[in-house]
Amino acid sequence: MARPEGATGEPPTPKGRKNVSFPLSLDPEAWHTFMLETVGDTMRASIDGKPVAFLQSPGIAHPMKSKVEFGCMGKDGFFDDLKIWSAEPSGAK
């Protein structure tokens, strides 16, 4: 869903979907390392190796889930060296 020019506040959430935000301050002039991990019905985000968000929701583990979206609240953002992979949990030892 495109955000209209000059829009303020949170965009509307499509029916049946939940949005969550975890406000934080970052130096916009510096590069940061962002990691997003999903395991089952949980999602964890970290920036520069420090946890910044955790979410548990049945929708995360939905078998038809096909995407994760990044938002910059109407601001520009840049990604470099983006890596995406699928991994299986290691067995207990």
Side-chain angles (χ1 to χ4, degrees):
M1 170 183 312
R3 188 173 173 90
E5 184 72 30
T8 60
E10 291 293 319
T13 301
K15 186 175 180 178
R17 202 169 116 190
K18 294 181 181 177
N19 286 346
V20 64
S21 62
F22 297 89
L24 57 106
S25 295
L26 294 173
D27 177 358
E29 299 299 320
W31 283 95
H32 300 278
T33 300
F34 174 77
M35 182 183 295
L36 181 70
E37 301 172 85
T38 59
V39 177
D41 67 350
T42 62
M43 184 179 295
R44 177 177 63 178
S46 61
I47 296 178
D48 298 331
K50 298 176 185 166
V52 295
F54 179 85
L55 175 66
Q56 185 171 19
S57 171
I60 295 171
H62 192 280
M64 300 304 290
K65 183 167 184 65
S66 62
K67 65 181 177 177
V68 172
E69 298 174 358
F70 300 103
C72 296
M73 295 304 294
K75 306 285 184 188
D76 290 335
F78 298 96
F79 294 93
D80 183 37
D81 197 20
L82 183 66
K83 297 175 186 172
I84 301 172
W85 67 91
S86 178
E88 296 293 325
S90 63
K93 294 184 180 187

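Every value quoted in this text rests on a predicted model; they were computed, and no experiment measured them.
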Which heavy atom in Ser46 sits nearest to a heavy atom in Gly49, and how many Å separate them? CB-C, 4.4 Å
Can you measure from CG (Leu24) to NZ (Lys50) and round to the nearest 0.5 angstrom? 11.5 Å
Please confirm whether the backbone N or O of Ser57 pairs with a side-chain atom of Asp41, one donor and one acceptor, at under 3.5 Å? no
Within one Ile-Leu-Val-Met-Phe-Trp-Tyr cluster: Met35 and Met43, side-chain cutoff 4.5 Å: no
Nearest heavy-atom neighbours spanning Phe79 and Trp31: C-CZ3, 4.5 Å
Indicate, with yes or no, if Leu36 and Ile47 share a hydrophobic cluster defined by side-chain heavy-atom contacts under 4.5 Å among Ile, Leu, Val, Met, Phe, Trp and Tyr. yes
